[in-house]
Structure formats: C-alpha cells, structure tokens
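All of these numbers come straight from a predicted model, not from anything done at the bench. Position 1 is the first residue of the sequence, and the numbers go up from there.
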Amino acid sequence: MFPFGIFILQSGLAFWSDFHCFPFLITGLYSNRFMLDVGKWPVFALLPPEELRLIRQACVFGSAANEALYVTVNDEVFALGTNCSGCLGLGDLQSTIEPRRIDVLCGKKIVSLSYGTGPHVVIATADGEVFAWGHNGYSQLGNGTTNHGLTPALVSTNLLNKRVTEVACGSHHTIALTTDGEVYAWGYNNSGQVGSGSTANQPTPRRVSSCLQNKVVVNIACGQLCSMAVLDNGEIYGWGYNCNGQLGLGNNGNQQTPCRIAALQGVNIIQVACGYAHTLALTDEGFVYAWGANSYGQLGTGNKSNQALPTLINTDKERMVEVAACHTSHTSAAKTQSGQVLMWGQCRGQAIASPHLTHFSSTDDVFACFATPAVTWHLLSVDGDDYLTVAQSLKKEFDSPEISDLKFLVDGKCIHVHKALLKIRCEHFRALLNETDEDAIEIHQFSYLVYRAFLEYLYTDTINLPPEDAIGLLDLATFYRETRLKRLCQETIKRGISEENAITLLSAAVKYEARDLEEFCFKFCVNHLTAVTQTQAFADMDHDLLKNFISKASRYGAFKN
C-alpha cells in the first residue's frame, strides 16, 4: 500500500506528466517571474533552476518536440535535443541532453524564429539579417544547394540590402517579410507555396510579387504547403496547396501566385495563423474567421466539415486579441482581451469542435499541454524589466533597502519592507503601523527565517521555506490570524512528512488547530503505524495526545488483526 502522503504526490506527478506539464513543479518552485517560464515543455525538465531563470526567449520544435533553442539574458544562444539533420546548429549531428552554445548566434538579438518539419530553422535578427540551418533537401535554407546546414549561415541572395523583420516556415519552404512590406520566399514548391508562378523548387530567396506588387505586407504565416500574407489595409492573400480549402478562396485548386481572399472584402484582418491545413484570421474588431481542413474540429465551427470559405467563429466571448496555430498540428487557440484562453481542434487525441474555455493564461500553454507534437507555435519571448507587472515589481522590491521605509530586526538581521504594502496586505500590520511611526521594529517571538518568509509571502503570495521550517510559519500564521498563509503552510508541511517526523507534525497540527493537516498526519501515522511507534517522537509524545491518538486509531481499525 502506498503511504498516504506519497500516494497523493505520485498521483499528481502522473497527471502532470501525462499532460506534458510535469515541469510545472520545477517552475512553480524556482522560476523567476521576470524571466520566461519554459517549464511546461518536457525538453527543459533537466535544466537546473539557475539556468531556467536566465531564459528570455525559447522555441521548442521537432517531430517529438524534443529539440529546443533558447536565448539568455546575456544574449547567449543555446540548443539541446535530438539534433535531426543538424537542426540545432551546433556543427554536428550529435544529440545532446545538455545545452550547448551556438557561438555564431550569440549577441545577434533574435527577433523572429520559425522552423520546418525537416526540420530546418530560420531566424531574423534585430539588424534585419536572416540565418538558416538544418534540413535542406528542398533548398529551404535558401543557399542555392540541397546540402544540410550544420551551422547557422547568413541567407544573403537578394536580401543583402533588405531588413527582414519576420520569418515563417512551412514543412520545407520559407518566407520572409522585410521592413518595406515585401515578401521573399524559397524552398519546396510542389504546390506553388513560394508564389513564383511555377511548381519548381526555389533555391534562393525570390520576391513574391504578382498581386503583391506595390502592396505593403505586415504579417505572414505558413501552413505545411501554403503561405499567407496580411496587408496594411487589412486584405489577406494566400498561395500554395489548397486541396482542403486552406486558402479560403472558395475552391480546392492550388494557387501558384498570391490571390486575395475576396470573401473577406470589407473585413480588416490584422493577424493570420496557419495550422497543418487550416487557417485562422483575426479582425481589427476582435472577430475570428477560420477555413480549411476540419477533420479534428480545428475550425471551431461545431462540426468536422472542411470550409473553403472564411467562416466566422462564434466564440461566445468578448473581443479576441490573438489567434494561434502551428503548421505541425491541427490545434487552434485564441486569447480574449481580458486574458481568457480558448482552444479547439485536436487536443491530445480529442477532437474539440467548438472553442473551449481553458484555465491557461496564454495560448502558448495550449500548445505545450495539448498539441501533438507539443511544440511552440511561435518564438516565446519575455519583455525586459521595463515592463514588469505590478506583482513582479513588488516581488523585486522585497527586502530592498533603496526605497523601503521600515525594517524589522530579527536575530540581529534586518529585513527591509514598505509600510503601505504591509498595511494593505495584513490586518495585524494595519493596526500596528497606524499606532507607531517607528522605522525599525524588533521581533523576538519568531526566528529570522520564519519572519522573513512571512514578509516575503506578503509581497509574493508564495511560501519560500522547506517543509521542516514551515511549522514555525504555521505558528506565526495562527498568531496573526492569516488564514490563507495557514493553509499554504499546511500544504508545504504535507510535502515533507516522513515516518520519523510524522508524530512531531501531528503534534504541531493539533497545537495550531490545523485540522486538515492533523487529519493528513493522522492517516499517515496509521498507514505507517509500526515504524511510527518505534520513533523517539512517539516515545516522547504528550500523554493526552497519545491517549487521543490511540483512541482514534482504534476507531479507525488500526489495531484489528
């Protein structure tokens, strides 16, 4: 039989692991909220906490979501994973379970990244340069050859005097958007996806003109074998493979040059996203249109019928501000103005035919936990410290003497805080600080470790203490009548229970009237009765507590043969 506490923990791990979210445990404990939270992707599970804290950009790709690139706060670029076709850009074909640095990209300041299914990887830098590497069987690296690229190489033909701001990859083709609103394309072209007017592969970048001549493109996206472009006037164009209606033209014929989606005449599109064979478009009024393949419900229409024309999706929610899809999957997602995230399509084997409201905070979470493979649909990025949220700003200022107006002296050490925040967050401090103008307060009844953890909790809403030290914080929470903190302490203590300390924790739970923790510790003791009764803590147990324990354990059936 599983020990009571361990059974709960193992059940939780099984659930998270099954949903590709096991590393939530890692980031929940260690992540720095100023940095990027990549813990949802299993490929990052082995990175130490100190490395996770440094990540500010990341991308997960590959047929098994087992390849990743990331950029640190120092603008160093690292790669790890299986390295199919040299897609990690490390100069060899060796897989690596530990991150290795891509020297040539360090300091380049990546602004856009996309990948194909070969896989090949293409980036655009802040200087407008394009680098590509990986699989090149169809010239998708744009260097005029079909040799795989083991290291990032500058894509120069026809782009030397251009500044590229965005790149997008299909299965084996690439398109790039310049600051002038021009689109360049290269690679596989069996269905016209490079927009050249033929089906011959394109070995080097070539400008996509035809109907886009003299027009300004502001957003691009690729399906497996098609390409899409949004203009500054809200028009949207598509070209390439169209057998599922993913171009939105009302037919199923392939298109070798860009063609405007006439059905959206008068609708102002501001963003487009492509799935494997379906397309999502967002309007300036926050509406979502979808078209193309629909065998998994990825159009969100409530059925599984393909649509060759744009169909307005009834999200039954407020204004949408983002749509998300990835050419490697049949999953769709969208985000509302208030931050709610919806998903539909193929979601870990299930076909969800209508937008489903999730508990996620970003569309990235949908693809981490429900897409197959669980890759990132775009380059994950985090803003710098100039864009901290209120919560992040408060956390950053905890125990910072620079602008604090109050300090606590505990065990000869100082903890710097802000009176206003303490008044807002804690009734005890509101009363105390209204009665005193002191800028230093000595604390004698609690240890420095415990009191610092309490003050940090007021700034962060989290407990940063090991389970064995949380008993002292539980005492403080009871003393200050902090109900939520008391509950968090109980959960922290549960994670540290063992046969040796179970009686000690039970005694503490009884003392501080922590009923839930008391019940948890009691059941643990009963399930490990023989070992627990042989501990010194049991021998030293308070007489009344021992009497109550034996009586309750007897009623529980612990002494039956």
Side-chain angles (χ1 to χ4, degrees), residues 16-17 20-126 131-135 148-153 167 169 328 364-365 367-369 373-384:
W16 276 316
S17 179
H20 284 205
C21 293
F22 153 68
F24 268 137
L25 294 177
I26 296 173
T27 55
L29 292 173
Y30 298 113
S31 71
N32 180 336
R33 296 308 301 165
F34 306 135
M35 294 299 112
L36 193 66
D37 181 4
V38 296
K40 310 169 196 69
W41 283 271
V43 70
F44 289 107
L46 292 181
L47 265 63
E50 57 270 20
E51 184 72 12
L52 290 171
R53 292 190 189 104
L54 298 177
I55 297 175
R56 68 173 178 83
Q57 290 179 303
C59 180
V60 178
F61 58 99
S63 59
N66 201 29
E67 278 140 341
L69 298 168
Y70 67 89
V71 183
T72 70
V73 290
N74 299 320
D75 212 29
E76 292 185 304
V77 184
F78 291 87
L80 72 158
T82 49
N83 204 16
C84 294
S85 303
C87 65
L88 297 185
L90 297 169
D92 55 46
L93 295 170
Q94 299 299 310
S95 64
T96 176
I97 202 167
E98 294 185 348
R100 290 170 56 191
R101 189 167 60 186
I102 309 176
D103 291 329
V104 70
L105 294 183
C106 293
K108 289 292 184 184
K109 298 191 183 304
I110 298 172
V111 296
S112 181
L113 183 152
S114 191
Y115 54 84
T117 53
H120 74 289
V121 182
V122 183
I123 68 164
T125 72
F131 289 82
W133 64 95
H135 191 278
H148 296 339
L150 300 184
T151 57
V167 290
C169 296
T328 61
D364 302 319
D365 296 349
F367 290 85
C369 296
V375 297
T376 52
W377 71 273
H378 63 163
L379 176 66
L380 304 177
S381 296
V382 65
D383 287 326

(request) Can you measure from SG (Cys369) to NZ (Lys40) and round to the nearest 0.5 angstrom? (result) 7.5 Å

(request) Would you check if the side chain of Ser85 reaches a backbone N or O of Cys87 as a donor-acceptor pair within less than 3.5 Å? (result) no

(message) Can you classify the ring geometry of Trp377 versus Phe367 as parallel (below 30°), tilted (30 to 60°) or perpendicular (above 60°)?
(response) tilted

(message) Consider side-chain contact (heavy atoms from CB on, under 4.5 Å). Of Leu54, Leu47, Val43, Val77, which one does Tyr70 pass it with?
(response) Leu47

(message) Please enumerate all residues that pass salt bridge (charged side-chain N to carboxylate O under 4.0 Å, His left out) together with Arg101, with sequence neighbours excluded.
(response) Glu76, Asp103

(request) Spell out, as yes or no, whether a donor-acceptor pair under 3.5 Å connects the side chain of Thr151 to the backbone of Gly91. (result) no

(request) Keeping the roles fixed (side chain from Gln57, backbone from Ser381), state whether a donor-acceptor pair exists under 3.5 Å. (result) no

(message) Main chain of Asn83, side chain of Ser95: is a donor-acceptor contact present, judged purely on distance under 3.5 Å?
(response) no

(message) I'd like to know whether CD of Glu50 has more than 12 heavy-atom contacts from other residues, nucleotides or ligands below 6.0 angstrom.
(response) yes

(message) Would you compute the distance between atom CG of Asp364 and atom CG of Leu379 and round it to the nearest 0.5 angstrom?
(response) 10.0 Å

(message) Using only atom types and a distance under 3.5 Å, with no angle test, would you say the side chain of Trp41 pairs donor to acceptor with the backbone of Ala374?
(response) yes

(request) Report the distance from atom OG1 of Thr72 to atom CG of Leu36, rounding to the nearest 0.5 Å. (result) 12.0 Å

(request) Quick one: pull up OH in Tyr115 and SG in Cys59 and give me the separation to the nearest 0.5 Å. (result) 5.5 Å

(message) Rounded to the nearest 0.5 Å, what separates atom CG in Leu88 from atom CG in Leu93?
(response) 10.0 Å

